[in-house]
Enquirer: 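Sharing a structure here in structure tokens format.
All values reported here derive from a predicted model rather than from experimental measurement.
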Amino acid sequence: MTLFEHRSRQELSSRAPLAARMRPRTFDEYAGQEHIIGPGTALRNSIEADTLPSIILWGPPGTGKTTLASLIANVTNSHFEQVSGVASGVADLRRIAGEARERLGMSGQSTILFVDEIHRFNKSQQDVILPYVEDGTLVLIGATTENPSFEVVSPLLSRARVFALESLSDEQVRLIVSAAATDLERGLGAMKPSVDDDAMTALVNLANGDARTALNALELAVSATNPDTDGVRHITVAMVEDAMQQRSLRHDKAGDLHYDTISAFIKSVRASDPDAAIYWLARMLEAGEDPLFIARRLVILASEDIGMAAPQALTVAVAAQQAVHFIGLPEGRIPLAEATVYLATSPKSNASYMALNRAMRDVQDTRNEPVPLHLRNAVTGLMRDMGYGEGYKYAHDYEGNFTPMQNLPDSLKDRRYYKPGDQGYERTVRERIERWWGAGRTESSPQDD
């Protein structure tokens, strides 16, 4: 290496973001993820023994995926190659694989390929790696923030072990930030930052378990603060909030967080917990979730989980959807909140939904018999001669506008699909059905599980 190249690397290192400069160099400096990388774990042992299998590191941003890969690069005797799912293509992968095959054949040295943001590789790019992982030419380390079940092709996923990284705790983020603030070699120690306790608490809180976000905000706050006469830079809550601007929200519109959060929202409404439901609603709105997506899910829930226990719930949900569509955000959040609370506090019943499921199961599993003759319309003389409409009882001709009549095919005449509960308006419906058809009509039929 020439003197010029050495200076260039030093300058690049000094200009690198704080998060990159403070990347741990040993396992002792690595914070968090003890469940997968702590002493005695299978992954830690395989790394230290230089027998690493192909792995996928899956976790939120700022939890140490790239850092862990760099630690592996420092420890292993294998040749280490790093590519980006954003910037690299098939040609790069074929070149690396070819060189890895030559290296393995000539010196017996294996090659570790680290693919950052592997979810950005399309199927064709992932397929290029597959045969080399399969025959041992390459050991793959893939890093992704997206669920590998959906973003990594099945053949490649089956040949790698997935390790799930967790968001860092507030204490772990605090340790990382404190170390960066005092480190004279790689951190900000030479700038003499003095971070108030409440400023540190605010920084850790706003980072939401993302160490990179915390370090970037700390670096900006320190750089933007003028030193006092002693050269000390005092960092306050206001400076932290100004540097951070807003909480680092973890959300996406198509990945796991999207589905996990809407699932928490729907299940909270179903559980009749308005406080939890409103919280998850606020989380989604603050993260920029499509409000019409939320409204559509409320419309589904109104029929699926409330149904006849409070039939007006569907009207409220549809009205909220129309209101959001009409007025948009930010005001559209208000009818969404009203509908959320209304549905969460409504009596619940899935009887209508379950009735449809039972009926559809019979449609799929039993013979589709002809419609009974008495239920058919006799619109021609031929049809009347064939018995169409014969024996049909017009309900309005009878007292109370009701008279018993068989309306199912003979093979299903004893089936009971709709079994009303005793919540809200559905109790009234149950009593009405029992008054018309007898108590047995709301009980299970013999064929039911």
Side-chain angles (χ1 to χ4, degrees), residues 20 23-88 92-121 125-149 151-166 168 211:
R23 205 178 290 283
R25 296 163 295 188
T26 66
F27 284 115
D28 290 337
E29 294 179 356
Y30 191 86
Q33 317 309 333
E34 289 86 357
H35 63 294
I36 63 171
I37 205 66
T41 59
L43 181 58
R44 175 76 169 267
N45 290 342
S46 67
I47 293 171
E48 293 177 338
D50 205 8
T51 57
L52 183 72
S54 290
I55 62 174
I56 303 292
L57 302 175
W58 170 34
T63 53
K65 299 182 294 296
T66 305
T67 295
L68 182 53
S70 69
L71 283 177
I72 293 172
N74 292 337
V75 171
T76 183
N77 292 319
S78 301
H79 181 78
F80 194 88
E81 291 276 357
Q82 178 172 348
V83 298
S84 167
V86 177
S88 304
D92 299 307
L93 298 175
R94 292 193 188 281
R95 174 186 59 78
I96 291 170
E99 293 173 355
R101 179 162 286 173
E102 291 181 6
R103 190 179 297 111
L104 187 63
M106 295 178 62
S107 65
Q109 185 183 29
S110 61
T111 299
I112 295 176
L113 173 61
F114 173 54
V115 183
D116 198 11
E117 298 190 85
I118 192 173
H119 59 276
R120 298 295 188 96
F121 272 173
Q125 290 170 307
Q126 293 185 38
D127 284 343
V128 170
I129 306 172
L130 178 60
Y132 302 105
V133 172
E134 189 170 22
D135 67 12
T137 302
L138 292 174
V139 174
L140 172 67
I141 302 177
T144 177
T145 57
E146 306 295 329
N147 191 330
S149 300
E151 303 297 337
V152 179
V153 295
S154 297
L156 193 57
L157 191 61
S158 69
R159 289 163 176 80
R161 183 174 175 185
V162 176
F163 290 92
L165 283 72
E166 301 171 349
L168 300 178

Enquirer: Looking at every heavy atom in both A211 and L168, which two are closest together, and how far apart are they?
Expert: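 So the minimum-distance heavy-atom pair works out to CB-CD1, 3.6 Å.
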
Enquirer: Which residues pass the side-chain hydrogen bond (donor to acceptor under 3.5 Å, both in side chains) test with R101, sequence neighbours left out?
Expert: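 Partners of R101 under the side-chain hydrogen bond (donor to acceptor under 3.5 Å, both in side chains) test: D135.
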
Enquirer: Between E29 (side chain only) and R25 (backbone N and O only), is there a donor and an acceptor less than 3.5 Å apart?
Expert: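 Judged by distance alone, yes, a pair lies under 3.5 Å.
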
Enquirer: First locate atom CD of E117, then atom CD of E151, and finally report the distance between them rounded to the nearest 0.5 Å.
Expert: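 Here the rounded value is 11.5 Å.
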
Enquirer: Taking all atoms of both residues into account, what is the closest heavy-atom pair of V162 and P148, and its distance?
Expert: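 Result for this residue pair: CG1-CG, 4.0 Å.
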
Enquirer: Enumerate the residue pairs fulfilling side-chain hydrogen bond (donor to acceptor under 3.5 Å, both in side chains) with a member in residues 40-54, sequence neighbours excluded, ordered by first and then second residue.
Expert: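 Only R44-E48, D50-T76 qualify under side-chain hydrogen bond (donor to acceptor under 3.5 Å, both in side chains).
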
Enquirer: Of the non-hydrogen atoms in V152 and L157, which two are nearest, and what is the gap between them?
Expert: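 Of all heavy-atom pairs spanning V152 and L157, the closest is CG1-N, 4.0 Å.
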
Enquirer: Run the salt bridge (charged side-chain N to carboxylate O under 4.0 Å, His left out) test against R161 and tell me which residues pass, sequence neighbours left out.
Expert: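 Here no residue qualifies.
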
Enquirer: Going from CZ on F163 to CD1 on I36, what distance comes out if it is rounded to the nearest 0.5 angstrom?
Expert: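 One gets 6.5 Å once the value is rounded to the nearest 0.5 Å.
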
Enquirer: Taking T67's backbone N and O only, do any of them form a donor-acceptor pair with S70's side chain (distance below 3.5 Å, no angle check)?
Expert: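 Confirmed, S70 side chain pairs with T67 backbone.
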
Enquirer: Taking only residues two or more places apart in sequence, or in another chain, which ones meet V75 in a side chain to side chain contact (heavy atoms under 4.5 Å, CB included)?
Expert: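 Scan of V75 (side chain to side chain contact (heavy atoms under 4.5 Å, CB included), adjacent residues dropped) gives F27, I47.
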
Enquirer: Please name all residues satisfying side-chain hydrogen bond (donor to acceptor under 3.5 Å, both in side chains) with R94, sequence neighbours left out, ordered by chain then number.
Expert: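 None.
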
Enquirer: With rounding to the nearest 0.5 angstrom, report the OG1 to CG distance, T144 to D116.
Expert: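 Going from the OG1 atom of T144 to the CG atom of D116 covers 9.5 Å.
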
Enquirer: What pairs meet the salt bridge (charged side-chain N to carboxylate O under 4.0 Å, His left out) rule with one or both residues in residues 65-78, with sequence neighbours excluded?
Expert: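 Not a single pair qualifies under salt bridge (charged side-chain N to carboxylate O under 4.0 Å, His left out).
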
Enquirer: Taking side-chain hydrogen bond (donor to acceptor under 3.5 Å, both in side chains) as the test, write out the residues that go with E81, two or more places apart.
Expert: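 Only H79 meet the side-chain hydrogen bond (donor to acceptor under 3.5 Å, both in side chains) criterion with E81.
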
Enquirer: Is the closest side-chain heavy-atom distance between T66 and F114 below 4.5 Å?
Expert: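 The answer is yes; the side chains approach within 4.5 Å.
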
Enquirer: Salt bridge (charged side-chain N to carboxylate O under 4.0 Å, His left out) with E99: which residues, sequence neighbours excluded?
Expert: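 Result, salt bridge (charged side-chain N to carboxylate O under 4.0 Å, His left out) vs E99: R95.
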
Enquirer: Which heavy atom of G64 sits nearest to which heavy atom of Y30, and what is that distance?
Expert: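 Looks like O-OH, 3.0 Å.
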
Enquirer: Would you check if the side chain of E166 reaches a backbone N or O of Q33 as a donor-acceptor pair within less than 3.5 Å?
Expert: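 No, the answer is negative, given that no donor and acceptor are paired below the 3.5 Å cut-off.
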
Enquirer: Tell me the closest heavy-atom pair linking S88 and V83, and the distance in Å.
Expert: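 Distance-wise, the nearest heavy atoms are OG-CB, 3.3 Å.
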
Enquirer: Check step by step if side-chain hydrogen bond (donor to acceptor under 3.5 Å, both in side chains) holds for N147 and S149.
Expert: CA-CA 5 Å; N147 191 330; S149 300; 3.2 Å; yes

Enquirer: Run the side chain to side chain contact (heavy atoms under 4.5 Å, CB included) test against A100 and tell me which residues pass, sequence neighbours left out.
Expert: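 Partners of A100 by the side chain to side chain contact (heavy atoms under 4.5 Å, CB included) criterion, ordered by chain and then number, come out as R103, T111, T137, L138.
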
Enquirer: Say you draw a straight line from CG of L68 to CG of L43; how long is it, rounded to the nearest 0.5 Å?
Expert: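 Answer for the CG-CG pair, L68 versus L43, is 6.0 Å.
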
Enquirer: Any chance you could measure I112, atom CD1, to Q82, atom CD, to the nearest 0.5 Å?
Expert: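 Going from the CD1 atom of I112 to the CD atom of Q82 covers 12.0 Å.
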
Enquirer: Check side-chain hydrogen bond (donor to acceptor under 3.5 Å, both in side chains) between D127 and all other residues, then give those that pass, not counting sequence neighbours.
Expert: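 Result, side-chain hydrogen bond (donor to acceptor under 3.5 Å, both in side chains) vs D127: K123.
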
Enquirer: Just to verify, what does P155 make a side chain to side chain contact (heavy atoms under 4.5 Å, CB included) with, not counting sequence neighbours?
Expert: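 Side chain to side chain contact (heavy atoms under 4.5 Å, CB included) list for P155, sorted by chain: L130, V153, R159.
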
Enquirer: Specify the closest pair of heavy atoms between W58 and T145, including all atoms of both residues, with the distance to one decimal.
Expert: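 Taking every non-hydrogen atom into account, NE1-O, 3.7 Å.
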
Enquirer: Who passes side chain to side chain contact (heavy atoms under 4.5 Å, CB included) against S154, sequence neighbours left out?
Expert: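 Partners of S154 under the side chain to side chain contact (heavy atoms under 4.5 Å, CB included) test: none.
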
Enquirer: Among I56, L113, V115, L52, which one satisfies side chain to side chain contact (heavy atoms under 4.5 Å, CB included) with I141?
Expert: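 Running side chain to side chain contact (heavy atoms under 4.5 Å, CB included) over I56, L113, V115, L52 with I141 returns exactly one hit, L52.
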
Enquirer: Begin from the C-alpha positions of L93 and Y132 and carry the test side-chain contact (heavy atoms from CB on, under 4.5 Å) through to its verdict.
Expert: CA-CA 10 Å; L93 298 175; Y132 302 105; over 6 Å; no

Enquirer: With side chains defined as the heavy atoms from C-beta onward, is the minimum distance between L165 and I37 less than 4.5 Å?
Expert: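 No. Closest side-chain heavy atoms not under 4.5 Å.
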
